[in-house]
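Read the structure below first, then the notes.
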Amino acid sequence: MSHVPQPAEATAATASTAFRSALEVIRGVEPRVADAIGQELADQREMLKLIASENYASPATLLTMGNWFSDKYAEGTIGRRFYAGCRNVDTVEALAAEHARELFGAQHAYAQPHSGIDANLVAFWAVLAQRVEAPALERAGARQVNDLTEQDWETLRRDLGNQRMLGMSLDAGGHLTHGFRPNISGKMFNQRSYGTDPETGLLDYEALRATARDFRPMIIVAGYSAYPRLVNFRIMREIADEVGATLMVDMAHFAGLVAGKVLTGDFDPVPHAQIVTTTTHKSLRGPRGGMVLCDSSLADQVDRGCPMVLGGPLPHVMAAKAVALAEARQDSFRDYAQRVVDNARALAEGLMRRGATLVTGGTDNHLNLIDVASSYGLTGRQAEAALLASGIVTNRNAIPADPNGAWYTSGIRIGTPALTTRGLGTGEMDEIAGLIDTVLSATQPGTTKKGIPSKAQHVLEEKTADEVSQRATDLLSGFPLYPGIDLS
Ligand code: PLP
């Protein structure tokens, strides 16, 4: 039973013909690209994909991206473009925004960001425009920045670049775009981090409140890439209000769980945050891209994403966002989202039963973080490589106060959105927990060529890796990816 949206066998057969024809056309120009596309499907079919930020988009979503919308420039907003001839782009962008508003219950939606990082930049600058730029213009009696004197402009530029932001620390599961120095957000803002309780690994709202009172940020960012628990956005908003901050939630990872109504009430960010950003390609299962949702007070500023941060939008991707969001509005998506969480729990229980230590002792969402250092005496890098050699694709990830740093790490992050799309259920998750435990228990830290202990090298008998690989392949053979699509 597959949960890749496939309304009927006839649809799969039609999609198969479409993909085959497309490859034939591409092969006529650059056969190596056609081969790589075909090989990618073969690889994805073989992989036991546990990367928490990946998924499998539907054939309809994929096919929507390969057309002449790609050729169009459409800077501006719906019905108000800097280029002529945008009526069809208007149609698809308006549909994407309408589906997003309806699906998430948002007052406003902006479908242009090309990625999650772009969505976050749009959101930061929308808040800065609302809270720093607009009052400065008003004080100067200017309508727009070009009307300011050189001196007023210099003052405004300094003010825009000198605001405070409070975001979740990277090792507690936050994202680079939440104010960290290697990312532009860390260069734009004076950032401080909040973390998790060292004992429980859970978000410590009272510590966060105390930091917010002391630091008085303009923006509090909630949301994560590697936190396996729920976040209470009602409390986050209460803290933000108390210190006069705008609450921004980056739901890139868990947007599918919000869309599928698994995260509701205090755990749904949309009613609580003034501005919410997301990617569309992770648990939401759409095309690669980003999106911003906001309340009406920020709508005009968000719509200035182009030219503020973005260039021309990607109309073919906005069209695919509209298709994927239409899919996410179907009842079957709720079922999917619930299965994602059920599967993550089953994986957690299977791992813990076999002796693995999980950060926070389990999960409430789509991901788990295994502490491979304390469970198996490995770095994340060693564990990731050993699992890959055994046909299991994961990524290493820092854990709170990680002694091995952000490169080698002590954690492995695993998520269930992709395998759930493929149709695997809780029984299979237990088997996968067994495979992971078998590999990690059989893996030893390695040494360099000179015999010095290495955080990168691992030792795993080929026989074990091959056996696990075969078991993974056998398991997946019962859950064909894109059934009915045959490129041969
Ligand atoms: N925000 C969060 C929480 C993420 O996890 C990610 C990506 O992993 C991003 C933003 C950035 O998304 P993108 O890779 O589409 O720029």
Side-chain angles (χ1 to χ4, degrees), residues 49-55 57 61 65 96 110-125 165-180 182-186 188-189 191 193-196 203 219-231 233 236 247-259 263 267 269-270 273 275-293 305 309-311 313-314 317-318 320-321 324 340 365-369 393-398 406 409 411 413-418:
K49 176 151 98 170
L50 284 167
I51 301 217
S53 50
E54 292 188 9
N55 212 325
T61 298
M65 283 185 279
Y110 182 62
Q112 291 193 18
H114 306 169
S115 68
I117 189 170
D118 285 359
N120 285 350
L121 277 175
V122 169
F124 292 142
W125 281 100
M165 174 234 272
L166 180 61
M168 193 173 196
S169 71
L170 276 180
D171 69 351
H175 190 256
L176 266 176
T177 56
H178 300 175
F180 295 94
N183 180 258
I184 186 156
S185 58
M188 277 162 46
F189 287 105
Q191 193 261 19
S193 295
Y194 59 87
T196 45
L203 259 178
I219 302 177
I220 296 182
V221 181
Y224 53 80
S225 299
Y227 180 66
R229 295 294 181 176
L230 303 180
V231 178
F233 299 110
M236 296 295 290
L247 177 63
M248 168 177 154
V249 177
D250 177 350
M251 65 170 182
H253 256 264
F254 53 90
L257 306 187
V258 179
L263 299 181
F267 308 108
V270 180
I275 190 157
V276 176
T277 58
T278 187
T279 53
T280 45
H281 48 272
K282 304 187 205 282
S283 56
L284 198 51
R285 203 165 62 185
R288 301 202 73 77
M291 215 160 53
V292 181
L293 309 173
V309 171
L310 306 170
L314 310 176
V317 181
M318 293 197 296
K321 286 173 190 171
V340 167
N365 56 24
H366 64 297
L367 68 87
N368 282 293
L369 200 52
V393 189
T394 64
N395 68 278
R396 64 187 185 277
N397 209 104
T409 83
R413 187 184 70 165
I414 49 177
T416 51

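Atoms within each ligand, like the ligands themselves, are counted from 1 in listed order. Not measured: the values here are computed from a predicted model.
- Scanning all heavy atoms of the two residues, the minimum distance from G116 to T279 falls at CA-CG2, 3.5 Å.
- When each atom of ligand 1 is checked for a heavy atom of T279 under 4.0 Å away, the hits are 12 (O), 15 (O).
- Looking at G116 next to ligand 1, an N or O pair under 3.5 Å apart turns up.
- Listed here is the closest heavy atom pair of H281 and G289: ND1-N, 3.0 Å.
- At a distance under 4.0 Å, no protein heavy atom can be found next to atom 14 (O) of ligand 1.
- In this structure, OG1 in T277 is found 10.0 Å from NE2 in H175, a value given to the nearest 0.5 Å.
- Annotation: atom 16 (O) of ligand 1 to nearest protein heavy atom, I117 N, 2.9 Å.
- S53 contributes atom OG, which lies 8.0 Å from atom NE2 of H366 (distance to the nearest 0.5 angstrom).
- Only side-chain heavy atoms of D250 come within less than 4.0 Å of ligand 1; its backbone N, CA, C and O stay farther off.
- Taking OG1 from T196 and CE from M168, the interatomic distance works out to 6.0 Å, rounded to the nearest 0.5 Å.
- Note: R229 CZ to L203 CG = 11.5 Å, rounded to the nearest 0.5 Å.
- Nearest protein heavy-atom neighbour of atom 6 (C) of ligand 1: H175 NE2, 3.2 Å.
- Atoms CG and OH, on L293 and Y110 in that order, are 13.0 Å from each other to the nearest 0.5 Å.
- Among protein heavy atoms, atom 5 (O) of ligand 1 sits closest to S225 OG, 2.7 Å.
- Inclusion of H178 in the set of residues having an N or O under 3.5 Å from an N or O of ligand 1 is not warranted.
- Short contacts between ligand 1 and Y224, defined as distances under 4.0 Å to a heavy atom of the residue, involve ligand atoms 3 (C).
- Aromatic ring centres of F254 and F267 lie farther apart than the 6.0 Å criterion allows.
- For atom 7 (C) of ligand 1, the closest non-hydrogen atom of the protein is K282 NZ, 2.8 Å.
- The shortest heavy-atom distance from R288 to ligand 1 is not under 4.0 Å.
- Heavy-atom proximity to H253, at under 4.0 Å, picks out these atoms of ligand 1: 5 (O).
- Considering CE of M248 and CG of N120, their distance stands at 4.0 Å, rounded to 0.5 Å.
- Contacts with ligand 1 closer than 4.0 Å are made by side-chain heavy atoms of A252 only, the backbone lying farther away.
- Using a 4.0 Å cut-off between heavy atoms, H281 contacts ligand 1 through its side chain alone, with no backbone atom that close.
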